[in-house]
Number of protein chains: 2
Amino acid sequence: MEKEKGKITLKDVARMAGVSRGTVDRVLHNRGDVSKRSYDNVMRVIKDIGYEPNIYASILAHDQNRSVVLLLPSYHTGEYWEMAARGAEQAKAYARTFNVSIETVLYDQYDIDSFREACIQLLGISPAAVVLAPVFRNETAVLTAVLRERGIPYSYVDTKLEEDGYLTFYGMPMYKSGYLCAELLFDSISSVPESADQMKVAIIRIERDKNRKSDPTVTRREGFFDYMTEHYPNVEIRSVFINPRDPGSIIETLSSFFESNPGITHVAMFNSRVHLIAPALETLRAGDMPRAVGFDNLDDNLAALRRGSIRYLITQHTDEQTRLAINSLVDYLVLNKEPERRDNYMHMDILSRNNVDDY
Amino acid sequence: MEKEKGKITLKDVARMAGVSRGTVDRVLHNRGDVSKRSYDNVMRVIKDIGYEPNIYASILAHDQNRSVVLLLPSYHTGEYWEMAARGAEQAKAYARTFNVSIETVLYDQYDIDSFREACIQLLGISPAAVVLAPVFRNETAVLTAVLRERGIPYSYVDTKLEEDGYLTFYGMPMYKSGYLCAELLFDSISSVPESADQMKVAIIRIERDKNRKSDPTVTRREGFFDYMTEHYPNVEIRSVFINPRDPGSIIETLSSFFESNPGITHVAMFNSRVHLIAPALETLRAGDMPRAVGFDNLDDNLAALRRGSIRYLITQHTDEQTRLAINSLVDYLVLNKEPERRDNYMHMDILSRNNVDDY
DNA sequence: CAATTTGCCGTGCGCGTGCACGGGAACCGT
DNA sequence: ACGGTTCCCGTGCACGCGCACGGCAAATTG
């Protein structure tokens, strides 16, 4: 289906359209100084013979080094956003193939001013494209407005804003993920529903700062509760809040929680930090471990999974998200390739003790 | 970490080594006519300054069209090997970036002569690289010997032969997949082991032709049985054979099986064809569906999963396997990039009704 | 010693595109 | 009629590399 022999070049187009290479070039890149007549001629020929520019020659001649900037919350090793950064690392290999480099700009996700500074820094780089996670919604809207104005394409990862200026979005179906979480928790007794009376669920949540950040896990929680009301309306559900900034306090919090709420058989956590409660479960409930399900393949989570203190992890391929987002932008920039889909919901992986190894 | 400004070119290397571009070129491509002195000089400079050729210029100048051939059993839509072919489709996009095209050569997996013919056809194409699944072990060994002799790199997918001439292998950890299969089947009652007495497992197998083909699922079966003896040594396990060539017979076979083996609560199947027994389960066991687990994300399997007649599917990303295998070969051919790992065991995905949608 | 071969090596051209430069024609105003 | 714009357009060089061609010196041969 490809006839590689008689490759059609720009020169051929020029000849067939009765103009020079320069004119074809001007048409291809919309840089004016072309009469309507010539323009139409060239366009017709291009369409007729299906001309496609040779990207090697193009890149070779261009020889410019564009950069795609990834705008992320800063992270320590083992934290959620590190995975996103890891994805960028993988994308680099692909991007460098096309002479585009990946820069990462970080900000403190608890400090809105640092986000604003990061935006300024980002614009200073004058990137060819941007990948970002809209942690601060309003400020992100400001940034993307500037990007649109400057004609810089951008993609969302993790979450998106409800506008339509972005090129692509890669994220997780949050509602479904909560639903799935509940299923994995309670699948164990679906064949013996009468035992549902003996179950009690604990939902571990994070004490949140009062800031303007968005909390994507609310949707996940909805999915979870909908599953519960549909399948196990009588199961007791309790919530407890822990403070991730003070790891020492967690075991105390949970200890008193378990005392005042005896008979907890299931534990769910809707963000990436199940690993924080794993040690507490192991010491407080060594005898009768509740069945625990959490999210995201952080190293600490995987370790807890292997130890058996977490039963299942649902992962959203955070690294893949950034990788694909970057790739879509690179394809768009270099190959003029429109993405297949704008909104891309990633597949959720279910991880158990027995399939983590080759992850 | 990249200094893109002063890109090092072949000319720079030539200058620094005190030779001409031609000589450097001869060194790079091992085509002789270079004195030992010059050779050493050039090699030293290359290593010192970390010269890397510009592949765009290289491809542009070279302008040759190589092809990678994928050697697979022929398939009908919805069958296992179709997924492998699908992966090739995805790899095409990447490959064409480098002026390499992907050809597929098919053979009848039940006819060894057709395989031999396919090999001849393959060699006729004089491919730059080959991806293959060693269905016929001995004949595959013959083929790979020829490939090695001709210096054509090749990669295995799905299964591999025990030799070390291949560039990469992408497959599934078969033993673990069987183990995982058992866990997913019986996880439901792990907290109430006393009910294990009431369980009965059926293993559905395929009547095999008597040919020299390899059966990779034996290892999977081992993993399954090991899990069972470790965790539920007293559970009854029965096997039943169905004939995939005669779909009409399946329901009869299973009907009489269920009659003579009442109380089957769990069903496992170790190849990609669970979809064959799903309708039978739905009609024969509508009231008390046994819990069924199978393998591979064939469309029919996914449909059965959605209908609820299969509880879990374990998938091995067959499409990814071929995609990655092809990519590894392309990288090796074009970029001279050695693969990171030779043997690559893919992650197993667990698919349930609630996470198939975004697959 | 002349003629030829062999071992090494440098140079020039072409791959297809981006872009700067300059130039011709038409149009304007004086 | 003439200088000055404006609008279009063609050409030449550069990008980095592969490869063919030819050349020079040393080694070999008759």
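Below, read A as the first sequence line, B as the second, and so on, with proteins coming before strands; counting in each chain starts at 1.
In terms of heavy atoms, A:Leu72 sits closest to A:Ala85 at CD1-N, 3.9 Å.
Looking at residues two or more places apart in sequence or on another chain, you find no salt bridge (Lys or Arg N to Asp or Glu O under 4.0 Å) involving A:Lys47. Under the side-chain hydrogen bond (donor to acceptor under 3.5 Å, both in side chains) criterion, B:Thr144 pairs with B:Arg148, not counting sequence neighbours.
Taking atom CG on A:Asn54 and atom P on C:dG16, their separation rounds to 7 Å, with Å as the unit. The CZ-P distance, from A:Arg26 to C:dA20, rounds to 11 Å in whole Å. For the pair B:Lys11 NZ and C:dG10 P, the computed distance is 15 Å after rounding to whole Å. Going from atom NE2 of A:His62 over to atom C1' of C:dC15 covers 19 Å, rounded to whole Å.
Within the structure, ring-ring contact (aromatic ring centres under 6.0 Å, His included) pairs that include any residue of residues 138-162 of chain A comprise A:Tyr154-A:Tyr156, A:Tyr156-A:Tyr166 (at least two apart or interchain).
Rounded to 10°, the angle separating the first-five-pair axis and the last-five-pair axis of the helix from C:dC1-D:dG30 to C:dT30-D:dA1 equals 50°.
Side-chain atoms of A:Thr140 never come within 3.5 Å of backbone atoms of A:Pro134 as a donor-acceptor pair (strictly under, hydrogens ignored). Without hydrogens or angle criteria, A:His62 side chain to A:Ser58 main chain gives no donor-acceptor distance under 3.5 Å. At distances below 3.5 Å, not a single donor-acceptor pair connects side-chain atoms of A:Thr318 with backbone N or O atoms of A:Ala84.
Comparing C:dT11, C:dA20, C:dG16 by their nearest atom to the side chain of B:Arg21 picks out C:dT11.
If you walk DNA chain D from 5' to 3' and mark each nucleotide with an atom closer than 4.0 Å to a heavy atom of chain B, the marks span D:dG16 to D:dC19.
Mapping A:Asp25 and B:Ala61 onto DNA chain C via the closest heavy atom, the residue that lands nearer the 5' end is B:Ala61.
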Task: Pair B:Tyr345-B:Tyr170, ring-ring contact (aromatic ring centres under 6.0 Å, His included): steps then yes or no - done: CA-CA 6 Å; B:Tyr345 291 94; B:Tyr170 289 85; 9.9 Å; no
| request: Kindly determine whether A:Tyr332 and A:Asn327 satisfy side-chain hydrogen bond (donor to acceptor under 3.5 Å, both in side chains), including the steps that lead there. | output: CA-CA 8 Å; A:Tyr332 181 72; A:Asn327 285 359; over 6 Å; no
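DNA chain C is contacted by B:Asp33, B:Val34, B:Ser35, B:Ser38 of residues 27-42 of chain B, taking any non-hydrogen atom closer than 4.0 Å.
At a threshold of 4.0 Å, the pair B:Arg86-B:Glu89 does not count as salt-bridged, since none of the basic side-chain nitrogens sits closer than that to a carboxylate oxygen. The pair B:Lys36-B:Asp40 meets the salt-bridge criterion, since a charged nitrogen lies less than 4.0 angstrom from a carboxylate oxygen.
Residue contacts shown for A:Leu60 include a base, since a base heavy atom lies under 4.0 Å away.
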